[in-house]
Amino acid sequence: MKRAVIIILLVTGWKLVNLTATPMFGDESVYCWWGYQTANLGVSQAWGEMVNQKRIAPMVSLIQGVGFAIFPQAAPISLCRGVSVMAASLTGLILFIWLKSWPALIFWLLNPFNFFNDRTSLQEPVLNLFIVMLVVSMQSKQLVKVGLFLTLAFLTKLTTLMLVPGLVIWAIWQRKMAVAGVIVLVTIAFRWWAVTFTHLWDIFGYHTYADWSVGNLVSRAIINLRLTMSWYQQYLTYGFWVLAGLGIWQSLRRRQWQGLIILIPLLSGYVLLADSYFPRLLLVTLPFWAIILSYATKTKMGWVIFGLILIVWIKNDVAIVWHPESAGIAKEDYFQFYQDWTSGKTVRQAVMNWQNQPELRVVKIPKDMEATWRIYKLELAKEKPIELVIE
């Protein structure tokens with residue numbers, strides 16, 4: 001246990017290095033800005049605006065808000081992304097305590113899919129923490145904790161709904177009927193609350209495909225399946241498929257089906273339903289891949305393949321920290337972080353250039369990019385007397 005904690009702390013310290021090198025993109029900035037607003041406006045007002053007006057699942061911003069309240073002078077990008085790093089590390093510790101598996105822990109800490117996204121201020125690192133705590137609570141039939149962590153997961157990201165079928169199937173498979181009942185009841189109650197008192201449920205509708213005609217469904221499923229396989233391959237290399245095959249075979253052979261029972265419905269849901277589909281949505285699958293891959297290393301071949309893949313992963317992780325623009329990340333992520341209109345790359349440069357423009361007093365910014373401009377001003381030009389005018 002002590003060695004695991006030391007390794008987690010070392011990787012955590014590594015992940016915290018050079019956090020601002022990768023430019024923020026729109027979604028990150030929104031969560032971080034509302035974290036800052038939570039500390040300055042108060043929880044009640046910020047909560048109301050997030051869930052009722054902005055339609056933002058509030059949990060990540062609330063946690064960041066606590067950080068801003070404790071460290072009001074902290075650099076906002078480092079603080080917001082640091083929250084994700086800490087959440088991912090805590091998830092790794094819980095996974096190790098639960099699975100008692102070194103391969104699962106090493107996979108979790110060092111695979112580039114996690115390593116890149118854990119260094120952002122997105123919702124998924126915190127979501128994974130609550131999902132793992134939920135599954136551990138299901139295992140021990142702690143019903144209050146099951147309800148609590150499922151609620152926290154919903155408040156973190158509405159795509160938690162995609163996990164519910166697999167969780168219920170697994171609970172029934174294990175004859176944990178009370179656990180299955182709690183999951184169903186909490187899901188129904190949360191949906192009622194979200195629809196009745198907020199606009200949060202609209203977020204789920206934005207990510208799912210509503211056209212159930214056979215032709216469109218088949219077409220969408222083929223596209224999403226290709227994207228899913230491509231994102232795993234781009235982040236985890238071709239060797240991942242060999243390791244995954246070994247892990248699945250060993251899981252079935254040993255009748256350890258938990259990871260598969262939850263993973264298959266989750267992936268099927270994304271493939272069949274996802275409309276607005278991004279690589280980060282697959283991050284919630286990685287705890288279950290950690291379970292499956294831990295069985296792959298029960299064989300010598302599995303250990304050899306895992307060791308070879310690990311060398312490639314660590315090399316990419318180094319690039320993610322020190323040379324992120326040339327690191328091996330998914331093409332779609334590269335586009336969003338560096339090239340899309342939501343990228344903060346040009347915003348960062350513009351704010352840095354303000355220092356050489358003493359006569360500058362007013363800057364007009366587009367509404368859709370307000371959060372990104374405000375975060376970079378806080379980060380790089382907090383004392384600069386410039387008014388940001390929203391167009």
Side-chain angles (χ1 to χ4, degrees), residues 1-19 21-22 63 67 78-79 81-122 124-136 139 232 235-237 239-240 243-244 246-247 250 256 258-259 283-324 327-329:
M1 180 65 178
K2 185 182 293 185
R3 285 182 296 173
V5 171
I6 292 172
I7 290 172
I8 291 170
L9 289 175
L10 288 173
V11 175
T12 300
W14 183 21
K15 284 184 178 180
L16 289 170
V17 172
N18 213 22
L19 276 179
T22 302
I63 295 171
S78 295
L79 187 148
R81 288 178 167 175
V83 166
S84 295
V85 172
M86 300 307 294
S89 298
L90 184 55
T91 304
L93 179 61
I94 295 169
L95 275 172
F96 183 76
I97 294 171
W98 174 37
L99 300 175
K100 297 178 176 61
S101 168
W102 281 103
L105 176 62
I106 294 170
F107 166 78
W108 182 260
L109 293 176
L110 295 177
N111 82 78
F113 207 167
N114 263 358
F115 199 93
F116 176 77
N117 286 280
D118 288 349
R119 287 165 43 85
T120 69
S121 63
L122 294 169
E124 278 72 17
V126 175
L127 176 62
N128 272 334
L129 173 61
F130 292 137
I131 291 299
V132 169
M133 294 174 80
L134 166 62
V135 174
V136 171
Q139 184 85 38
Y232 280 136
Y235 273 114
L236 305 179
T237 76
F240 167 76
L243 205 61
L246 281 172
Q250 287 293 324
Q256 299 294 324
Q258 180 181 15
L283 287 172
V284 76
T285 68
L286 295 186
F288 308 106
W289 278 119
I291 297 171
I292 293 167
L293 297 185
S294 69
Y295 290 102
T297 53
K298 301 294 183 182
T299 65
K300 291 182 180 179
M301 181 185 295
W303 266 114
V304 171
I305 295 170
F306 186 64
L308 293 173
I309 294 175
L310 192 59
I311 294 171
V312 179
W313 287 352
I314 292 174
K315 182 180 178 182
N316 199 15
D317 293 343
V318 171
I320 287 170
V321 172
W322 295 111
H323 308 287
I329 64 176

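Note on ring orientation: taking the six-membered ring where Trp is involved, the planes of Tyr235 and Phe113 are parallel (angle under 30°, cut-offs 30° and 60°).
For the atom pair Ile291 CD1 and Leu95 CG, the distance stands at 7.0 Å (nearest 0.5 Å). Here the straight-line distance linking atom CG of Leu105 with atom CG of Leu110 works out to 8.5 Å at 0.5 Å rounding. Taken to the nearest 0.5 Å, the CH2 atom of Trp313 stands 12.0 Å off from the CD1 atom of Ile320. Atom CG in Asp118 sits 3.5 Å away from atom NZ in Lys15 (nearest 0.5 Å). Taken from CE in Met133 to CH2 in Trp98, the straight-line distance is 13.0 Å, to the nearest 0.5 Å. Between the OG atom of Ser294 and the CD1 atom of Ile106 there is a distance of 12.0 Å, given to the nearest 0.5 Å.
Across all non-hydrogen atoms, the minimal contact from Trp108 to Ala88 is NE1-O, 3.0 Å. Residue Thr91 comes nearest to Val132 through the heavy atom pair CG2-CG2, 3.6 Å, listed as atom of the first residue, atom of the second, then distance. Taking each heavy atom of Ser101 and Ala104 in turn, the nearest pair found is OG-N, 3.2 Å. Across every non-hydrogen atom of Gly247 and Ala296, the tightest pair is N-CB, 3.5 Å. In terms of heavy-atom proximity, Asn18 sits nearest to Arg119 at O-NH2, 3.2 Å. Taking every heavy atom of both residues into account, Arg81 and Leu19 meet most closely at NH1-O, 2.6 Å.
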request  = List the steps, then state whether side-chain contact (heavy atoms from CB on, under 4.5 Å) holds for Lys298 with Leu246.
outcome  = CA-CA 9 Å; Lys298 301 294 183 182; Leu246 281 172; over 6 Å; no
Legend entry - Residue pair Phe96, Trp102: steps toward the ring-ring contact (aromatic ring centres under 6.0 Å, His included) verdict: CA-CA 7 Å; Phe96 183 76; Trp102 281 103; 4.9 Å; yes
>> Determine whether Thr22 and Thr120 satisfy the following criterion, side-chain contact (heavy atoms from CB on, under 4.5 Å), listing intermediate values before the conclusion.
In response: CA-CA 9 Å; Thr22 302; Thr120 69; 6.0 Å; no
Apply side-chain contact (heavy atoms from CB on, under 4.5 Å) to the pair Asn114 and Leu109, showing each step before the final yes or no. CA-CA 7 Å; Asn114 263 358; Leu109 293 176; over 6 Å; no
Could you go step by step and tell me if Phe115 and Trp14 meet the ring-ring contact (aromatic ring centres under 6.0 Å, His included) rule? CA-CA 10 Å; Phe115 199 93; Trp14 183 21; 4.9 Å; yes
Report the C-alpha distance between Val126 and Met86 in whole Å, list the side-chain angles of each, state the deciding distance to 0.1 Å, and finish with yes or no for side-chain contact (heavy atoms from CB on, under 4.5 Å). CA-CA 9 Å; Val126 175; Met86 300 307 294; over 6 Å; no
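The one candidate from Leu286, Ile309, Asn316 that meets the side-chain contact (heavy atoms from CB on, under 4.5 Å) condition with Asn111 is Leu286.
At a threshold of 4.5 Å between non-hydrogen side-chain atoms, the residues Met1 and Leu93 count as touching. In this structure the side chain of Leu129 reaches within 4.5 angstrom of the side chain of Ile94, judged on heavy atoms.
Checked by atom type and distance alone, the side chain of Ser89 never pairs as donor or acceptor with a backbone atom of Ile8 at under 3.5 Å. A distance-only check finds a donor-acceptor pair linking the side chain of Trp303 to the backbone of Thr297 [under 3.5 Å]. Formation of a donor-acceptor pair under 3.5 Å by the Trp289 side chain with backbone atoms of Ala244 is not found in this model.
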